[in-house]
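Shown next, in structure tokens, is the structure this report addresses.
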Amino acid sequence: MGRYLITAALPYSYSVPHLGNFVGSVLPADVYHKYLKMRGDDAIYVCGSDQHGTPTELAAIKAGVAPEVLADEMHEKIKKLFEKYECTFTYYGKTNTPENKGVVYSIFNELYNNGYLLEREDMQAYCNVDERFLTDRLIEGTCPYCHKRNARGDQCDNCGRLLEPAQIKDPFCAICGKSEIRFVKTKNLALELNKLQGDIAKFIKKTSKNNWSKDAVNKSLSMIKEGLKPRDITRNMKWGFPVPLVGYENSVIYVWITGLIGYIGITKQWDSKRWRDYWQNEHTQLIQFLGKDNTIFHTIIWPGMAMGSRLGFILPHTIKESQFLVSKTLKFSKSHGVGLNMKTAIEILGADYWRFSLMYMYPENADSEFSERALVETVNTIMNDKIGNLAQRVLKLSKSNRSLIEEEIPSTKDPKVRRIIKEYEAAFDKLQLKKAIGAVVKLAELGNSIMSDREPWVLAKNAKSDAKAERQVREIFSELLSITYQLGILLYPFTPRASAELLSYFGIRSEPTSAMLNDKIRPKLDSDPKPIFQKITDKETESLRKYS
RNA sequence: AGCGAGGUAGGGUAGCCUGGAGUACCCGUCGGGCUCAUAACCCGAAGACCGGAGGUCCAAAUCCUCCCCUCGCUACCA
């Protein structure tokens with residue numbers, strides 16, 4: 001039995017996450033956590049709202065409320081949304097808490113004491129109207145190369161060139177639209193990753209053997225090969241944890257730092273004592289789920305901070321990076337209430353449908369395309385026709401032939417079933433989640449083909465007069481019921497509600513465990529079985545089309 | 001522009017590290033079977049110059065080089 005600590009990239013607390021965000025980290029992490037719990041491992045799953053950062057601050061200004069008010073409101077909304085999707089975190093916390101502040105400061109102070117923070121000065125744009133510093137992206141104007149007007153301080157979207165804010169012609173502030181910008185000398189503290197790069201490289205080379213994606217390993221190593229540079233970990237703004245040093249009264253610690261350490265702070269919110277048993281215990285396997293856009297924060301910056309602080313915090317064991325779920329036809333939107341996001345999606349279909357179909361399309365190694373067609377196909381043909389229908393036909397036929405059903409049925413010894421279960425477990429062990437869900441489908445396919453091959457409905461008719469037929473049909477029913485029951489268990493990480501429904505026909509009321517796969521079963525066929533999945537209706541399809 | 005990943009039947013994927021006949025899976029299509037089940041299920045077939053061009057090799061989807069396309073990162077978007 002291992003000790004596992006699972007994290008999913010923290011959703012920002014200024015908008016409703018869209019389906020791409022969900023399938024990129026929180027959902028696969030939840031699926032994996034449910035599997036580990038099922039296996040009986042000591043596994044905790046922490047996630048939460050990332051509350052700091054400029055976007056939250058700006059959204060608060062726009063809404064006319066304090067950033068902490070907006071961030072806490074959104075936190076509650078997002079937390080409830082995840083509950084609707086049957087995500088069962090050990091703790092879903094947030095980053096703007098005293099617990100997190102404590103951990104952030106202890107790491108920050110040690111980095112400072114150990115000589116890994118470099119003070120450096122720079123010229124930073126300042127808006128006289130808004131009376132605030134502007135991040136590079138908040139400066140807009142004309143591109144010095146292609147002369148298009150929509151260039152931003154970091155990059156021109158038109159010609160794609162990387163820019164410096166001072167290069168922008170006719171700059172104006174993206175917040176107020178005015179041109180009252182001046183450049184002011186500022187100082188920031190930078191984490192000297194250059195001093196740590198040898199150790200970080202060693203760590204990645206060694207640890208990436210634990211099922212890291214090719215993309216995550218190679219881009220991290222290639223970045224190190226090019227040479228790591230000091231990276232600012234403070235910002236000149238008000239929303240965030242103040243930098244605990246004299247001379248930095250107007251600065252806060254950068255959102256990414258409070259976010260990465262937020263995983264720890266959130267664990268501390270969960271349990272003020274036990275958090276150390278996970279985070280400062282070399283036997284804990286830290287499994288981090290995240291999208292491809294923020295890999296290096298987890299592979300380079302967190303390891304750098306953890307090493308530099310020398311506080312014994314663990315480094316990631318596995319980086320489970322996802323690519324992106326994209327859609328040419330449907331609008332995924334980050335803005336409030338617009339587009340197909342976690343809030344609007346759950347109003348159309350229940351949690352099981354989204355959980356299963358999104359995991360079926362999980363962009364594990366490459367971007368994958370989400371479309372109405374793909375969703376309908378997955379729900380209707382895979383979930384409903386293959387899995388749901390198998391359960392239904394087995395249970396109904398069994399119920400109408402109750403006299404031919406054994407009271408107690410041993411777990412099937414069919415080697416094909418054993419192989420599929422092994423494949424499922426091996427896939428999870430290697431964090432190959434698409435392969436794992438594929439094994440579930442395979443088991444249903446096997447059940448369906450056994451049904452067609454052996455035609456138990458024919459044998460059942462002959463059973464009264466034919467002892468041999470009776471013996472055969474009893475065996476087949478046992479086999480099929482065993483498969484149906486096992487299917488109920490394997491479904492649990494993906495579709496917890498359907499799993500519970502299916503297992504209820506076997507008198508199981510508790511959450512399933514892997515050990516139960518080998519248990520003897522006692523079918524309960526008192527009530528009429530109801531389909532565990534349904535096809536997508538025209539009405540639901542129409543609701544989806546609203547977002548095309 | 002540099003770096004990383006991806007490009008495989010009509011659609012979606014696996015295979016690539018460690019070369020062995022384009023091998024496999026799902027959807028869709030076509031043909032057959034079944035009638036227990038939610039018009040569901042099962043079996044079979046057709047369908048691919050494996051992004052392009054070179055190279056290495058007895059043999060390349062797989063290894064090497066160059067090119068094209070998509071996505072991500074490039075250190076103050078987070």
Exercise for the section: Identify which nucleotide among B:rA14, B:rA78, B:rC27 has an atom closest to any side-chain atom of A:Asn365, counting heavy atoms from C-beta outward. Expected result: B:rA14

Practice task
On the 0 to 90° scale, with breaks at 30° and 60°, tag the A:Phe332-A:His18 ring pair as parallel, tilted or perpendicular.
Solution key: parallel

Practice task
Tell me which of A:Asp453 and A:Gln432 sits closer to the 5' end of RNA chain B, going by the nucleotide each one is nearest to.
Solution key: A:Gln432

Exercise for the section: Scan A:Gly438 against the nucleic acid and name what it touches under 4.0 Å (heavy atoms): base, sugar-phosphate only, or nothing. Expected result: nothing

Problem - B:rC25 OP1/OP2 closer than 4.0 Å to side-chain N/O of A:Lys435 - result: no

Exercise for the section: Would you check if the side chain of A:Trp354 reaches a backbone N or O of A:Leu349 as a donor-acceptor pair within less than 3.5 Å? Expected result: yes

Exercise for the section: Could you check whether A:Arg152 gets within reach of a base, just the sugar-phosphate, or nothing at all, counting any heavy atom under 4.0 Å? Expected result: nothing

Handout entry: C1'-based separation of B:rC49 from B:rC43 [nearest Å]
Key = 31 Å

Exercise for the section: May I ask you to evaluate whether A:Thr378 reaches the phosphate of B:rC26, defined as a side-chain N or O under 4.0 Å from OP1 or OP2? Expected result: no

Practice task
Scan A:Asp385 against the nucleic acid and name what it touches under 4.0 Å (heavy atoms): base, sugar-phosphate only, or nothing.
Solution key: sugar-phosphate

Handout entry: Pairwise P distance for B:rG52 and B:rG11, with rounding to whole Å
Key = 14 Å

Completion exercise
Distance col, row A:Phe506:CZ vs A:Ser482:OG, nearest 0.5 angstrom, shows 8.0 Å

Practice task
Check whether any side-chain nitrogen or oxygen of A:Lys219 sits under 4.0 Å from OP1 or OP2 of B:rU74, and answer yes or no.
Solution key: no

Problem - Separation between the C1' atoms of B:rG44 and B:rU18, rounded to whole Å - result: 35 Å

Practice task
Decide yes or no, distance alone: a donor-acceptor N/O pair under 3.5 angstrom between the base of B:rU38 and the side-chain of A:Asn384.
Solution key: yes

Exercise for the section: Check every strand shown and say whether A:Pro531 touches a base, only sugar-phosphate, or nothing at a heavy-atom separation below 4.0 Å. Expected result: base

Exercise for the section: Measure centre to centre between the rings of A:His52 and A:Phe241, then say whether the value is under 6.0 Å. Expected result: yes

Handout entry: Atom C1', compared across B:rC69 and B:rC57: separation rounded to whole Å
Key = 29 Å

Problem - Ring-face cation contact, A:Phe324 with A:Lys292, 6.0 Å cut, 45° max - result: yes

Exercise for the section: Run the salt-bridge test on A:Glu470 and A:Arg474 with the 4.0 Å N-O cut-off and return the result as yes or no. Expected result: yes

Exercise for the section: Could you summarise the pairing of RNA chain B as dot-bracket text, marking Watson-Crick and G-U pairs under 3.5 Å with ( ) or [ ] inside the strand and | across strands? Expected result: ((((((((.[[[[[)....(..]]]]].(((((.......))))).....[[[[[..)....]]]]])))))))....

Handout entry: Greater than 12 external heavy atoms within 6.0 Å of A:Lys187's NZ
Key = yes

Problem - Quiz item: A:Glu455 side-chain donor-acceptor pair to B:rC34 base, under 3.5 Å - result: no

Handout entry: Upstream residue (5' side of RNA chain B) when A:Phe533 and A:Arg235 are each assigned their closest nucleotide
Key = A:Phe533

Exercise for the section: Mind checking A:Lys209 for me? I need base, sugar-phosphate or nothing, with any heavy atom below 4.0 Å counting as a touch. Expected result: nothing

Practice task
Rounded to whole angstrom, note down the C1' distance from B:rC26 over to B:rC63.
Solution key: 30 Å

Problem - Any A:Lys461 side-chain nitrogen or oxygen under 4.0 Å from OP1 or OP2 of B:rC36 - result: yes

Exercise for the section: Within residues 390-401 of chain A, find the residues that approach RNA chain B with a heavy atom at under 4.0 Å, and present them sorted by residue number. Expected result: A:Gln392, A:Arg393, A:Lys396, A:Leu397

Practice task
Answer yes or no for A:Arg355 and A:Phe494: cation-pi contact, defined as NZ/CZ to six-membered ring centre under 6.0 Å and angle to ring axis within 45°.
Solution key: no

